[in-house]
There are 2 protein chains.
Amino acid sequence: MSKQSTKTNIIDKADQLFYESGFEHTSFAGIASRVGISRGNFYYHFKSKDEILQAVIDRRLANTQQMLDAWSEEAATPEARIKCFINILIMNRDKIKRYGCPVGSLTNELSKLGHPALAEASSVFTLFKDWLAREFSALGQGREAARLALHLLARSQGIATIASAFDDEDFLYQEAEELNRWLGGYTR
Amino acid sequence: MSKQSTKTNIIDKADQLFYESGFEHTSFAGIASRVGISRGNFYYHFKSKDEILQAVIDRRLANTQQMLDAWSEEAATPEARIKCFINILIMNRDKIKRYGCPVGSLTNELSKLGHPALAEASSVFTLFKDWLAREFSALGQGREAARLALHLLARSQGIATIASAFDDEDFLYQEAEELNRWLGGYTR
DNA sequence: GTCTATATAATGATAGAC
DNA sequence: GTCTATCATTATATAGAC
């Protein structure tokens, strides 16, 4: 493992804590503690909480784009690519059960706070939406591609919310399978 | 409008604020200010923040049960009753766009806080789930009733999350219509 | 770049007068 | 039942030594 800079380390740990504990509930002391630095040092790298939030969102945008690019490369067909998206519900089932979806829970919180970064946080959704729409277009659903993309995004969000509220892993598997069946209706 | 007690008034305003601003972000000062009383007076009625949270959840449970009972009475067929549920996405569209679903956003926050009241907050979902399952049973979906109920609950959650993230009212209407079509597949 | 020390404001919560 | 006054704790944020 390569040694990463303190700044990168802060963004990394803040990202985790925003997901696990929420943005509001995460304090600088908590981040600094997990990084292993003092609170004072923290302010050398980030001047405000909004600044670290922006860095976390930028990091998530970059990571998401990287993941989408990898899916585009690894999976040969549009159907296989969309199944990669559906499969993150299974891949991340443990964290989803505990904390829900990192994107949905952050946008939800920021919308309640009336936080100006809501639009930027929502743009992670937009990355998924546009990528999915492209794949649905490739499936010959050109006219309905954008609607289907947003529909699938919403379905995955609801699954995460309910699985988290009831701590129900079976439901995650069940609904992921149902999504694959639904997708099958557009590939035949 | 009948004059309500200070205690009831506190629960009422706390309920609104937890929805609009989140549980963590809502302070006693904020609640007291909206009620029009002092912070000190607040503590005469509720000794801790967890106590007021419990009261708000109890209130939501009672209100939800009341709403479900009203639907059972007003709508003649199982299909019409389930459509009442779907229709709350349209009825509450303005608030959903701004704050998401009150149940989903609260359970999401409490799960991140590791708050012991998560189970109680989730039981509002359970009221909906059991009520919907009964209606799907009445539709002749006895074996699949529970699964369909949870599925519909998840669908509505996802719709609320995406509509809130993108502030998109058209999406709410579009997906509510899609849910009605989906329901139609079980009534024919 | 990292630390300790500190300033300032807000929070949850209590005590006691009216 | 309602108020003012107060406490202890935590939070964001800054100053300055090393």
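Every chain is numbered from 1, with letters handed out A, B, ... down the list of sequences.
The CG-P distance, from L17(B) to dG12(C), rounds to 12 Å in whole Å. Rounded to a whole Å, the NZ atom of K49(A) is 15 Å from the P atom of dA10(C). Atom CZ of F46(B) and atom C1' of dT11(C) are 19 Å apart (whole Å). The interatomic distance linking I52(A) (CD1) with dT12(D) (C1') rounds to 14 Å, in whole Å. The CD-P distance, from E51(A) to dT14(D), rounds to 11 Å in whole Å. The distance from atom NZ of K47(B) to atom P of dA13(C) is 12 Å, rounded to the nearest whole Å.
Considering only side-chain N and O atoms, S48(A) lies nowhere under 4.0 angstrom from the phosphate OP1 or OP2 of dA13(D). Look at S38(A) and you won't find any side-chain N or O under 4.0 angstrom from OP1 or OP2 of dT2(C). Listed pair N41(B) / dC3(D) meets the phosphate criterion, a side-chain N or O lying under 4.0 Å from OP1 or OP2. Between dT11(C) and S27(B), a contact under 4.0 Å exists linking OP1 or OP2 to a side-chain N or O.
Side-chain atoms of H45(A) lie closest to dT2(C) of the nucleotides dT2(C), dT12(D), dG1(D). Comparing dG12(C), dG1(D), dT2(C) against the side chain of Y44(A) picks out dT2(C) as the nearest. Comparing atom distances between the R39(B) side chain and each of dT11(C), dC3(D), dT4(C) picks out dT11(C) as nearest.
Heavy atoms of other residues, nucleotides or ligands lying less than 6.0 angstrom from CZ of R181(A) number more than 12.
Counting any heavy atom pair closer than 4.0 Å across all strands shown, Y43(B) reaches a base atom.
Using modelled atom types and a 3.5 Å distance limit, the side chains of Q16(B) and R34(B) yield a donor-acceptor pair.
Note on ring orientation: taking the six-membered ring where Trp is involved, the planes of H115(A) and F23(A) are perpendicular (angle over 60°, cut-offs 30° and 60°).
Of the listed residues (D12(A), T8(A), T64(A)), just one forms a side chain to side chain donor-acceptor pair (under 3.5 Å) with R59(A), and that residue is D12(A).
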